[in-house]
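A short write-up of the structure that comes next.
Being a predicted model, the structure only gives us computed values, none of them experimental. Chain letters run A, B, ... following the sequence lines, proteins first, then strands; residues in each count from 1.
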Number of protein chains: 2
Amino acid sequence: MSRPKAQTRIQQKNSEAILEAALDVFSQFGFRGATLDQIAETAGLSKPNLLYYFPSKEAIHAALIARLLKVWLDPLHALDATGDPVEEILDYVRRKLELSRDFPRESRLFANEILQGAPRIQTAFTEELKPLVDDKAAIIARWMDEGRLARMEPHHLIFSIWATTQHYADFDVQVRAVLGRTDGAHFAEAEEFLITLFRRSLTP
Amino acid sequence: MSRPKAQTRIQQKNSEAILEAALDVFSQFGFRGATLDQIAETAGLSKPNLLYYFPSKEAIHAALIARLLKVWLDPLHALDATGDPVEEILDYVRRKLELSRDFPRESRLFANEILQGAPRIQTAFTEELKPLVDDKAAIIARWMDEGRLARMEPHHLIFSIWATTQHYADFDVQVRAVLGRTDGAHFAEAEEFLITLFRRSLTP
DNA sequence: TCAAATTCTGACCATATGGTCAAGTTGAGG
DNA sequence: CCTCAACTTGACCATATGGTCAGAATTTGA
């Protein structure tokens with residue numbers, strides 16, 4: 001972070017390996033549960049070498065969070081005020097569920113962070129997330145005023161979409177245990193279910 | 001756990017204080033992030049004294065989990081096959097949301113555990129949770145067969161209820177940040193929203 | 001009241017962990 | 001092929017942490 005963007009080939013490669021390894025470890029054990037030794041070993045580097053690229057454990061975590069925040073908020077950004085209300089929201093559900101399926105570690109990284117009071121991303125909440133959500137909630141409210149969506153509290157609608165989609169990444173072990181499966185086939189079922197759930201309650 | 005149930009007045013009081021403190025600390029920092037010193041200080045005991053009542057950190061955690069599992073599964077147990085289908089499920093939603101409101105630490109304790117792969121409660125999943133969910137899912141499926149509920153995949157319906165209700169406990173900081181509130185008034189809104197959401201999609 | 005059982009504690013231990021540093025190795029440009 | 005900067009590491013440090021133990025303080029029951 002404070003270090004200038006990776007420039008040499010080696011810097012590029014190792015920084016990437018570190019962030020990749022850190023994502024593995026942080027998402028599995030949380031910030032305090034993760035150790036530099038674990039991250040270094042996963043990345044195939046020695047601990048001092050790891051600390052040559054990032055000044056501290058904090059810095060690695062911060063770099064990860066910053067990098068992922070954009071990807072994470074992207075689907076909500078894509079919600080288009082000029083599209084068809086119901087389909088726009090269902091598309092958002094689909095995109096969020098795809099993130100859970102394709103980037104479960106990222107989802108768990110955020111979940112871990114928020115669960116523990118989000119001590120390291122408070123500013124992102126108030127400065128990025130809240131304005132974005134307020135903006136999109138206003139669009140949804142307008143659609144409801146126009147009678148193009150059934151009336152519901154827009155913020156809570158967004159919460160329910162986050163909750164239901166992220167559940168499949170964050171509580172993966174529970175989902176698998178309850179369904180008695182080890183494959184990932186339940187994502188297709190989940191999509192069908194969620195689309196049905198939200199379509200029925202949103203259609204005016 | 002291995003120790004016989006607290007018998008003397010002092011044992012009763014101190015065991016209780018320890019579990020209460022441990023709930024605070026574990027739910028906030030996760031298993032690996034929590035320290036015995038923290039728990040001991042919160043409980044108002046010395047660390048060696050803490051270890052006089054529980055043989056290890058693991059044991060404290062295990063005792064907590066065991067004690068909470070019952071409370072946590074209770075609302076689902078209460079789902080009654082002879083009741084009115086839509087109202088039974090909406091009552092379940094209400095009870096789960098009440099748990100999130102009244103026992104957020106318990107919710108976060110479980111969330112932390114599951115997020116990290118549920119290494120310490122795997123057996124509870126397969127031996128208690130799965131059979132219970134399968135049982136209730138069968139009841140819901142029967143209601144749908146009888147045309148008394150709109151058709152949806154029952155397991156995923158249950159997941160969506162867990163996800164949406166627990167979201168308000170587990171992601172509390174995020175909810176507050178996005179709503180821009182510090183009070184707990186959003187629980188009433190959440191209830192209204194969730195009841196509407198599920199009623200619309202479940203009514204045949 | 002007094003001995004036995006229970007409860008409590010200061011001091012201590014082994015290990016883990018985030019981080020440092022001096023010195024060595026490797027790679028890139030001239 | 002030589003030099004200088006970039007990269008890498010073994011050894012090390014201070015602190016934190018889970019846990020132990022001998023003995024002191026307190027409670028209990030006869």
Side-chain angles (χ1 to χ4, degrees), chain A residues 1-65 112-113 116 119-120, chain B residues 1-65 112-113 116 119-120:
Chain A
M1 278 272 86
S2 57
R3 184 172 296 274
K5 279 285 173 191
Q7 289 155 338
T8 75
R9 212 175 300 171
I10 294 176
Q11 271 174 36
Q12 194 101 42
K13 190 185 62 139
N14 284 348
S15 294
E16 187 48 47
I18 291 169
L19 289 177
E20 174 67 19
L23 179 56
D24 250 37
V25 178
F26 279 134
S27 70
Q28 199 178 345
F29 301 107
F31 183 77
R32 288 187 64 170
T35 73
L36 287 182
D37 291 280
Q38 260 178 304
I39 297 172
E41 197 192 332
T42 307
L45 297 175
S46 67
K47 185 167 61 170
N49 201 13
L50 201 165
L51 289 163
Y52 171 75
Y53 290 98
F54 291 89
S56 69
K57 188 183 178 183
E58 282 279 353
I60 300 176
H61 190 267
L64 260 187
I65 293 280
N112 256 308
E113 187 63 14
Q116 310 195 354
R120 284 168 285 276
Chain B
M1 278 264 86
S2 56
R3 183 172 297 275
K5 279 283 172 192
Q7 290 155 339
T8 75
R9 213 176 300 172
I10 293 176
Q11 271 174 36
Q12 194 100 42
K13 189 185 62 131
N14 283 348
S15 293
E16 187 48 47
I18 291 168
L19 288 177
E20 174 67 18
L23 179 56
D24 250 36
V25 178
F26 279 134
S27 69
Q28 200 179 343
F29 301 106
F31 183 77
R32 289 186 64 172
T35 73
L36 288 182
D37 291 279
Q38 261 179 304
I39 298 173
E41 196 192 332
T42 306
L45 298 175
S46 67
K47 184 168 62 171
N49 200 14
L50 198 165
L51 288 163
Y52 170 76
Y53 289 98
F54 291 89
S56 69
K57 187 183 177 183
E58 282 281 352
I60 300 176
H61 190 266
L64 258 187
I65 292 280
N112 257 309
E113 188 64 13
Q116 311 195 353
R120 285 167 283 275

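Atom-to-atom, CD1 of A/Ile18 to P of D/dC7 comes out at 11 Å; the value is rounded to the nearest Å.
The shortest side-chain heavy-atom distance between B/Phe54 and B/Leu19 falls under the 4.5 Å cut-off.
The aromatic rings of B/Phe26 and B/Phe31 lie parallel to each other, their planes meeting at an angle below 30°, with 60° marking the opposite boundary.
Between B/Val25 and B/Thr35 the shortest heavy-atom distance is CG1-N, 4.3 Å.
A distance of 5.0 Å separates CD1 in A/Ile65 from CD in A/Glu113, rounded to the nearest 0.5 Å.
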For this session: Would you give a per-nucleotide map of nucleotides 7-24 of chain C, 5' to 3', where B means the base has a protein non-hydrogen atom under 4.0 Å away, S means only the sugar-phosphate does, and - means neither?
Result: BBBBB-----SBBBB---
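The environment of CD in A/Gln38 is crowded: more than 12 heavy-atom neighbours from other residues, nucleotides or ligands sit within 6.0 Å.
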